[in-house]
Amino acid sequence: MIQDILKHQIAAAIKHLYQIDLLDHQIVIENTKPEFEGDFTYVVFSILKQSKKSPEQTAQEIGEYLKTNFSQLADFNVIKGFLNISLSNQFWFEFLNNTYTNKDYGFVFTHSGQKILVEYSSPNTNKPLHLGHIRNNLLGYSVAQILKANGHQVNTCNLVNDRGIHICKSMYAWMQFGNGETPESSGLKGDHLVGKYYVAFDKQYKQEISELVANGMPSEEAEKKAPAIIAAQQLLLRWEANDKETVDIWKLMNSWVYDGFAVTYKKLGVQFDKYYYESNTYILGKDIVQQGLAAETFFKKEDGSVWIDLTNDGLDQKLLLRGDGTSVYITQDIGTAELKYKDFDCERSVYVVGNEQDYHFKVLQLICKHMHKPYADGIYHLSYGMVELPHGRMKSREGTVVDADDLIDEMITTATATTVELGKANGIPEGELNHLYETIGMGALKYYLLKVDPKKKMMFNPEESIDFQGNTGPFIQYTHARIKSILRNTGEIDFTQFDFNQTNLSKTERALLFTIYQYPQAIFDAGKDMSPGVICNYAYDLAKAFNHFYHECSVLKEENLEQRNFRIQLVNLTAHIIKSSFGLLGIEVPEKM
RNA sequence: GGUCUCUUAGCUCAGCUGGAUAGAGCAACGGUUUUCUAAACCGUAGGUCGAAGGUUCGAGUCCUUCAGGGACCA
């Protein structure tokens, strides 16, 4: 990239002028702020001590050196300690000439040599997916795409939490009140049907507790002695004992849930290379804990429970296996980590999991380190913030959950209404409309959730619908559609006949080109931070730069043929990058809207 | 009791490893369509970057303390 050459030249200038040895990467080049003239800026304050001259003079001297030694430099200006450098038009034309045919512009194809496994989604099978899961799924999918674009070899997996007391609760309630109800008989989506019984369990359980408390039992005791919870626990025991009837019901109800999830995943556009099931991995986890015990990495307490002492790591003692030999959460994660490494041989294993589990993953990584597992250092918890509602976080038991399927449907309904209202549906064939509504609705939802820095918690207000204007998915999709509309009307052009060197380069054209030039950097930054938000911000900047251009420059009406062709290529490349960047986010872009 | 984390405009969010006058969108107000799609564009207004210290040429960004929110471990 030109910045690297520029850094090298600046280092040479400093060496020549002040006899200071700096490595290229110690030179920091920034993009010039829009209110100033120039493309890139070098800030000289850090070398003043050695240059022993004023900021202005130092910057001026470096600028003059560059002007004679750096051919791509057209001009420079100095404001205080800021050296603003303008590149030549020639440079920008060459850049466009070399780029507009590159279908993979911005993507890295030289393999980084790094294999990465991204685990995401990882639902429980006792209830349908909600808004928090949507954030997780979109993040996981997008991060995988971004890492691929950075040249890594990426696989994805989904670890399904398909066993445990929560599933038994749904099972118990279904056995009690279900009368053999199925998704077919009820017309309910499988995961919603099972979720219905999970709620029914909770209602029954609470009622039993209040009855026991009314009869004088302390509430803590009542929570343990309510018949419903005892029944669920017995179901779990029977499941672990491989009781056929119990396992059959478990399989049946889980299959309903999987059918339901498959529908939601399809709507979200996410997929996985491999599924793991905790019902398969927890046994392996127990084995590994036994190995660690034998190696004295872990220790056993009097009641037979197994622990690891992490006090030297600043944490405390952590339970790995209960006294009765049953596993805890981390037991199965130890097993899964091992399995994933064996299956994918990956240097890095990314876990897309909420930040409420920060402590858990810190512990998991430490355990693996203490066991000298080769994959320990590669464990990376992509810890994302919760989605909060105006009244606090979502609680399924309090009915404050925003259901994934409902929200998706609502988005598509809104997209339909808005499109019709704006009269945009008219020119579009009937058969394409539904897909368009889906594209816009999902575009709005996905962009809304992805534009926020993953690490931060975010607010969602169900009372306010997600916008379609401004910094939104549909705005950027619209920009794409507008460009495509231009490109449909250009007629046949043989671009090989033109070079653009004679063309004028206006300020807005230059600004658009400059933004286009930043795309590879955006992909790199997004990969480094595993943040789709970086791509969102970039795509928005690009769309804004285009719209600004669109209002100032005409493409089709431009009379100068070279100028016209230059603009066609400029705009064509812009559309391509919008599509490409949205691809990294898992968002489609329409040809018309 | 301990650990982690967050606090930027009325609202939702940007702000890269410290750099120029802290930026967008929404909401509010005003303007732009005989010209490639007005889901657009332009403008006005809106800020003690939670508070106080410190580090330095320079702090929203780094350090300390405090307040408030959130999460987790026992």
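Both backbone and side-chain heavy atoms feed into the values below; hydrogens, waters and symmetry mates do not.
By the 5.5 angstrom centroid cut-off and the 30-degree plane limit, A:Y540 is classified as not stacked against the base of B:A24. Per the stacking criterion (ring centres < 5.5 Å, plane angle < 30°), A:F45 stacks onto the base of B:G19.
The backbone N or O of A:T311 sits nowhere less than 3.5 Å from a side-chain atom of A:Q317 that would complete a donor-acceptor pair. Between the side chain of A:N161 and the backbone N or O of A:S122, no donor-acceptor pair lies under 3.5 Å.
Across all strands shown, A:C553 has heavy atoms under 4.0 Å from base atoms, whether or not it also approaches the sugar-phosphate. No contact: A:Y448 has no heavy atom under 4.0 Å from any strand. A:V363 comes within 4.0 angstrom of nothing in the nucleic acid, heavy atoms only. Contacts of A:T41 with the nucleic acid, taken as non-hydrogen atoms under 4.0 Å apart, include base atoms. Across all strands shown, A:N84 has heavy atoms under 4.0 Å from base atoms, whether or not it also approaches the sugar-phosphate. Note on A:F82: a base of the nucleic acid sits closer than 4.0 angstrom, heavy atoms only.
One finds a side-chain N or O of A:K456 lying less than 4.0 angstrom from the OP1 or OP2 phosphate oxygen of B:A14. Between A:K80 and B:U21 there is a side-chain N or O to OP1 or OP2 distance below 4.0 Å. Checking the phosphate oxygens (OP1, OP2) of B:U33, no side-chain nitrogen or oxygen of A:H551 falls inside 4.0 Å. One finds a side-chain N or O of A:S485 lying less than 4.0 angstrom from the OP1 or OP2 phosphate oxygen of B:U37. The phosphate of B:C57 (OP1 or OP2) has a side-chain N or O of A:K49 nearer than 4.0 angstrom.
A donor atom on one side chain and an acceptor atom on the other are found under 3.5 Å apart for A:Q332 and A:E278. Side-chain contact, A:D525 with A:Q521: a donor N or O sits under 3.5 Å from an acceptor N or O.
If you run ring-ring contact (aromatic ring centres under 6.0 Å, His included) between A:H381 and each of A:F361, A:Y120, A:Y359, only A:F361 comes through.
If you find the closest nucleotide of RNA chain B to A:T418 and to A:N489, the one lying nearer the 5' end belongs to A:N489. Nearest-nucleotide positions on RNA chain B place A:Y550 closer to the 5' end than the other of A:Y550 and A:P474.
Rounding to whole angstrom units, CG of residue A:D358 and P of B:C72 are separated by 10 Å. B:C73 atom P lies 14 Å from atom CG of A:L310, rounded to whole Å. Rounded to a whole Å, the CE atom of A:M458 is 14 Å from the C1' atom of B:A14. For the pair A:F546 CZ and B:A40 P, the computed distance is 13 Å after rounding to whole Å. Between A:K557 atom NZ and B:U35 atom C1' there is a gap of 5 Å when expressed in whole angstrom units. Distance NZ (A:K457) to P (B:C4): 18 Å, rounded to an integer number of Å. Taking atom CG on A:L449 and atom P on B:U12, their separation rounds to 15 Å, with Å as the unit. Regarding A:Q317, its CD atom lies at a distance of 18 Å from the P atom of B:U3, rounded to whole Å.
Judged by Watson-Crick or G-U wobble contacts below 3.5 Å, the nucleotide B:A45 has no partner.
Distances were taken from every side-chain heavy atom of A:M459 (C-beta onward) to each of B:G70, B:U37, B:U12; the shortest belongs to B:U12. If you check B:C26, B:A20, B:A40 against the side chain of A:K33, the one that comes closest is B:A20. Comparing B:A74, B:A20, B:U37 against the side chain of A:K318 picks out B:A74 as the nearest.
Looking at A:D39 and A:R510, a side-chain N of the basic residue comes within less than 4.0 Å of a carboxylate O on the acidic one, giving a salt bridge. Using a cut-off of 4.0 Å between Lys/Arg side-chain N and Asp/Glu carboxylate O, A:D453 and A:K455 are scored as salt-bridged.
Rounded to whole Å, the P atom of B:G68 lies 48 Å from the corresponding atom of B:G31.
For A:T419 against B:A39, a side-chain N or O and a base N or O form a donor-acceptor pair under 3.5 Å.
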